[in-house]
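Worksheet: the structure to be examined is printed underneath.
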Amino acid sequence: MHAQLLQAARQPLVAAELPVPRPAAEQVLLRVRACAVCRTDLHIVDGELAHPKLPLVPGHEIVGTVVETGAAVDRFGVGDRVGVPWLGWTCGVCDYCRSGRENLCDRARFTGYQIDGGYAEFAVADQRYCFALDPAYGDVAAAPLLCAGLIGYRTLRLAGDGERIGIYGFGAAAHIVAQVARFQGRRVFAFTRPDDTAAQEFARSLGAVWAGGSTEAPPEPLDAALIFAPVGALVPAALAATRKGGAVVCGGIHMSDIPAFPYSLLWEERVVRSVANLTRRDAEEFLALAPQAGVSTATVPYPLAAANEALADLRNGALQGAAVLVP
Ligand SMILES: [Zn+2]
Ligand SMILES: [Zn+2]
């Protein structure tokens with residue numbers, strides 16, 4: 001099968017011919033229909049996340065059709081369409097797994113990081129971490145739901161019930177979470193790179209009541225802020241824009257260092273927290289909510305062979321919505 005392979009960090013992916021993987025007992029073999037490109041892929045390729053499996057097939061927003069099932073598979077059959085997210089396996093027995101926090105499992109394994117992912121024509125995935133997808137979404141449209149959507153949803157959920165939600169970095173996750181927030185009756189304030197008027201326009205088109213540069217103050221204080229851009233300097237900026245008791249939630253897996261800031265920005269019970277990974281409950285909830293909320297995804301398809309171009313366009317901020325590889 002054709003695959004795009006990471007052989008070493010900080011090097012471009014290379015086109016490779018690999019054997020089609022064989023499904024283990026709990027695994028399904030998928031013909032990959034689409035795989036979205038996530039900023040986490042960029043962090044892995046750029047060496048900002050340590051110790052990936054090497055060589056590695058990246059990609060953890062996989063839409064595929066089941067073509068073969070392992071001996072113990074009982075949730076899906078040949079021909080079913082499923083989605084595969086970042087969370088690829090958990091132990092089920094550690095404190096975190098037993099307390100509903102499998103996203104923090106001590107032994108978790110992640111798709112496209114420790115497990116080969118979807119930048120290929122075929123992939124295997126553990127059936128317990130695969131999800132049915134609403135038929136309202138085509139293969140390309142569904143792909144960004146599987147990380148941008150899921151992590152975005154968890155980030156919004158952990159921000160609390162506030163009405164005024166600031167979103168810093170208006171890329172793939174933000175464009176989905178803005179639609180969910182609006183459906184929930186909240187108001188979205190979008191913060192982009194200061195001169196990125198195209199992204200600000202994109203945010204307004206998705207229902208943001210205000211859009212401006214990340215150095216600007218919003219017209220009213222935020223109840224909570226979500227940060228999707230991997231820029232630590234946004235943490236004090238977001239705290240300064242957030243009212244007493246509000247939360248600043250960092251949705252990414254990697255961020256540049258957070259600069260020192262005066263305690264007065266945190267004072268008055270403001271909270272800074274991160275979001276790590278996802279649980280299967282997040283996936284079930286969000287994938288049911290997305291069609292109800294009428295969430296649509298903005299996608300830019302690329303052929304599988306153009307994976308490096310898709311990554312470069314994401315790195316350069318040249319995308320509106322999500323890049324999606326199509327084998
Ligand atoms: Zn565990
Ligand atoms: Zn991701």
Side-chain angles (χ1 to χ4, degrees), residues 4 6 26 32 34-46 48-49 52-53 56-63 83-119 123 125-126 128-131 140 142-156 158 169-177 226-230 249-255 274-283 286-287 290 297-300 307 310-311 313-315 319 321-325:
Q4 290 283 315
L6 178 69
E26 287 278 7
V32 177
C35 184
V37 177
C38 176
R39 184 167 291 281
T40 299
D41 302 341
L42 209 49
H43 293 314
I44 294 169
V45 170
D46 289 347
E48 291 162 335
L49 291 186
K53 167 192 179 294
L56 171 72
V57 179
H60 58 269
E61 302 186 85
I62 307 170
V63 176
V84 181
W86 171 245
L87 187 74
W89 185 88
T90 56
C91 78
V93 297
C94 73
D95 283 353
Y96 294 108
C97 282
R98 286 187 289 120
S99 58
R101 294 180 289 169
E102 65 181 0
N103 59 307
L104 300 176
C105 173
D106 288 329
R107 294 165 58 206
R109 289 158 55 79
F110 300 104
T111 313
Y113 188 34
Q114 287 110 7
I115 302 168
D116 278 336
Y119 288 20
D126 189 309
R128 295 165 294 184
Y129 304 86
C130 295
F131 300 93
V140 169
L145 299 176
L146 289 159
C147 190
L150 292 183
I151 300 285
Y153 171 73
R154 183 175 177 84
T155 308
L156 180 64
L158 296 186
F170 212 85
H175 97 284
I176 294 173
V177 86
L226 321 180
I227 301 182
F228 294 115
V249 187
C250 304
I253 194 167
H254 174 84
M255 194 179 242
S274 65
V275 160
N277 315 317
L278 69 138
T279 64
R280 282 173 280 180
R281 191 191 127 195
D282 294 324
F286 171 71
L287 292 172
T297 56
T299 52
V300 183
L311 287 165
D313 288 347
L314 177 58
R315 186 184 286 110
L319 290 164
V324 179
L325 301 180

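We count ligands from 1, going down the list as the structure has it; atoms in each ligand are counted the same way.
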(message) Would you say CZ of R107 has more than 12 non-hydrogen atoms from neighbouring residues, nucleotides or ligands within 6.0 angstrom?
(response) no
(request) May I have all residue pairs that pass salt bridge (charged side-chain N to carboxylate O under 4.0 Å, His left out) and include part of residues 144-155, sequence neighbours excluded? (result) R154-D282
(message) Using the rule given for side chain to side chain donor-acceptor pair (under 3.5 Å), can you reason through Y129 versus T90, listing the C-alpha separation, both sets of side-chain angles and the distance that settles it, and then say yes or no?
(response) CA-CA 9 Å; Y129 304 86; T90 56; 2.7 Å; yes
(message) If you compare all heavy atoms of C35 against all heavy atoms of G59, which two are closest, and at what distance to 0.1 Å?
(response) SG-CA, 3.7 Å
(request) Drop me the distance from R315's CZ to D46's CG, to the nearest 0.5 angstrom. (result) 4.0 Å
(message) How long is the straight-line distance from CG of L325 back to OH of Y119, given to the nearest 0.5 Å?
(response) 5.5 Å
(message) Tell me if a side-chain donor or acceptor on E61 pairs with a main-chain N or O of A148 at a distance below 3.5 Å.
(response) yes
(message) Quick one: does any side-chain atom of N103 pair with a main-chain N or O of T279 as donor and acceptor, under 3.5 Å?
(response) no
(request) Count, excluding waters, the protein N, O or S atoms that are closer to the Zn ion (ligand 2) than 2.8 Å. (result) 3
(request) Less than 2.8 Å from the Zn ion (ligand 1) is the window; count the protein N, O or S atoms in it. (result) 4
(request) Under the side chain to side chain contact (heavy atoms under 4.5 Å, CB included) rule, collect the residues that match up with T111, sequence neighbours excluded. (result) H60, I62, V84
